[in-house]
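This report concerns only the one structure given below.
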Amino acid sequence: MAQAWNLIHRPKGLPTYTDFALRALDNRDLADGEVRIANRWLSVDPYMRGRMNDTKSYVPPFALGEPMTGGAVGEVIESRADTLPVGTRVQHMAGWRDEAILPADQAQRLPDGDIPMQAYLGALGMPGMTAWFGLLAVAEAKAGDTVFVSAAAGAVGSSVVQIAKAKGMTVIGSAGGADKVDWVRSLGADAVVDYKGDVPLVKALGEAAPDGIDVYFDNVGGDHFDAALAHANQNARFAVCGMIDGYNASEPVALRYLMRIISQRVRIRGFIVSDFLSRISEFHHGMGEIVASGRFQREETVVEGLDAMPDAFLGLFSGKNRGKMLVKL
Ligand code: NDP
């Protein structure tokens, strides 16, 4: 019987297992134009935490007592749509469940070829596209720039590091713990700071970037944002992608270096990846070239089984993932 994770309470702070319930899905017949998809891989992403709050944002909140949604890839196992016959590999947004019934136009056929389907939930999908446009279009980063990227061992961050290196930039990453620091360095980063280490972040970043930073790609907010301000060069550009440090926080972090926005003429711009949907072919072309060069490392942290999906989601907030966090069904 098909099942889906429902949100049953709106979390306060870090979600707990009791905020979620795995419930049976209606196993109805297909209508004309619909397909039944066996999901093979499900995505968990930090933005889903925002959808658990009952607040107005760029996407509506998850409804209480209803299946949650999110990125997924799978295979059509029953079809009443000529465009997507049985066996087609597709990507769609009916995640958090093992089986989905969708109108065919809500599932996108994946390209044929050898690329594993879960790559389209990571570097070749939404997180990779976020990295691409955040770095190159929002921050307007270019060869010769010194780029600082936080959560550099994560899905978006590890793509930022590798795109920036492929484009001739100097890259400084931050990550939590020695293993992640070593891994980010292996991706090509010129320096990596361990924000969980003994050296305060502002000092560690100053040592890693003695000539300052031109670009900050923010995935974390809080003290990372502050440290980036502390070392921002004149006319630095900040692409504000995410602020995971604040997603479960009850208290704001004080920004001691805020006024440097003025003296350094820092340009700060937030963005949502969907702002760039009309330019998706630029990403496919550019990222395709980097991947085809053989220099791109695609890393996944895999949690097995639908039952364990809340573990995978919660693991994002304690750094359990290296690269893209995925659930394999
Ligand atoms: P990640 O794969 O980077 O996973 C989250 C990582 O964040 C963890 O592994 C952990 O790494 C780090 N982290 C968690 N809590 C904290 C904290 N309190 N302080 C510092 N680091 C923390 O996730 P994604 O790559 O999917 O997303 C990265 C960011 O980009 C998120 O903020 C997300 O919301 C945002 N995003 C925004 C999009 C947009 O359109 N604007 C689209 C996609 C993502 P570590 O072990 O190093 O601490």
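Every number for a ligand or one of its atoms is a count from 1 in the order of the listing.
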Does [X] come within less than 4.0 Å of ligand 1, judged by its heavy atoms?
{"X": "G323", "result": "yes"}
{"X": "M126", "result": "yes"}
{"X": "C241", "result": "yes"}

What I want to check is whether the side chains of T55 and S57 have a donor and an acceptor closer together than 3.5 Å.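 The answer is no; no qualifying pair exists.
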Quick one: do the Y216 and D218 side chains pair a donor with an acceptor below 3.5 Å?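 There is such a pair between these side chains.
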Polar proximity ligand 1 side, [X] side, N/O cut 3.5 Å exclusive:
{"X": "G242", "result": "no"}
{"X": "N321", "result": "yes"}
{"X": "N219", "result": "yes"}
{"X": "K180", "result": "yes"}
{"X": "S318", "result": "no"}

Could you pull out every donor-acceptor pair under 3.5 Å between side chains of residues 163-171 and any protein atom, sequence neighbours left out?
| unit_1 | atom_1 | unit_2 | atom_2 | d |
| --- | --- | --- | --- | --- |
| K165 | NZ | M169 | O | 2.9 |
| K165 | NZ | D190 | OD1 | 3.3 |
| K165 | NZ | D190 | OD2 | 2.8 |

Contact atoms of ligand 1, heavy-atom distance to [X] under 4.0 Å:
{"X": "M243", "result": "32 (O)"}
{"X": "A155", "result": "1 (P), 2 (O), 3 (O), 25 (O)"}
{"X": "A175", "result": "47 (O)"}
{"X": "F271", "result": "39 (C), 41 (N)"}
{"X": "V220", "result": "19 (N), 20 (C), 21 (N)"}

What residue and atom, counting heavy atoms only, is the protein's closest point to [atom], and at what distance?
{"atom": "atom 47 (O) of ligand 1", "value": "G176 N, 2.9 Å"}
{"atom": "atom 18 (N) of ligand 1", "value": "D245 OD1, 3.0 Å"}
{"atom": "atom 3 (O) of ligand 1", "value": "G154 CA, 3.2 Å"}
{"atom": "atom 42 (C) of ligand 1", "value": "T130 OG1, 3.4 Å"}
{"atom": "atom 23 (O) of ligand 1", "value": "P46 CG, 3.4 Å"}
{"atom": "atom 6 (C) of ligand 1", "value": "L316 O, 3.8 Å"}
{"atom": "atom 10 (C) of ligand 1", "value": "G319 CA, 3.6 Å"}
{"atom": "atom 44 (C) of ligand 1", "value": "V156 CG2, 3.9 Å"}

I'd like to know if E300 pairs up with K324 as an ion pair, taking the criterion as any Lys NZ or Arg NE/NH1/NH2 lying under 4.0 Å from an Asp or Glu carboxylate oxygen.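 K324 and E300: not salt-bridged.
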Atom [atom1] of [X] with >12 non-hydrogen neighbours under 6.0 angstrom:
{"X": "D82", "atom1": "CG", "value": "no"}
{"X": "K196", "atom1": "NZ", "value": "yes"}
{"X": "N235", "atom1": "CG", "value": "yes"}

When N53 is tested against each of R51, K56, R49 for side chain to side chain donor-acceptor pair (under 3.5 Å), which residue passes?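 Filter result, single survivor: R49.
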Kindly say whether I77 contributes a backbone atom to a donor-acceptor pair with the side chain of R36 at under 3.5 angstrom?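 Checking the backbone N and O of I77 against the side chain of R36, no donor-acceptor pair under 3.5 Å is found.
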Would you say R80's side chain and L30's backbone share a donor-acceptor pair under 3.5 angstrom?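 Yes; judged by distance alone, with no hydrogens or angles, the pair exists.
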Assess the pair F225 and Y257: is the distance between their ring centroids shorter than 6.0 Å?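 No: the rings miss the under 6.0 Å criterion.
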With ring-ring contact (aromatic ring centres under 6.0 Å, His included) as the rule and sequence neighbours excluded, what pairs involving residues 172-209 come up?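 Found Y195-H224.
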Just let me know how Y195 lines up against ligand 1, side chain, backbone, both or neither, with a heavy-atom cut-off below 4.0 Å.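 Under 4.0 Å from ligand 1, Y195 contributes side-chain atoms alone.
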Name the one of L306, L326, D98 that satisfies side-chain contact (heavy atoms from CB on, under 4.5 Å) with L42?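 In the set L306, L326, D98, the residue that makes a side-chain contact (heavy atoms from CB on, under 4.5 Å) with L42 is L306.
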Given V215, which partner from the list V147, V149, V160 fulfils the side-chain contact (heavy atoms from CB on, under 4.5 Å) test?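 The single option meeting the side-chain contact (heavy atoms from CB on, under 4.5 Å) with V215 is V147.
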If hydrogens are left out, which of V181, V273, I244 has an atom nearest to atom 13 (N) of ligand 1, that is, the closest non-hydrogen atom?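 The residue whose heavy atom sits nearest atom 13 (N) of ligand 1 is I244.
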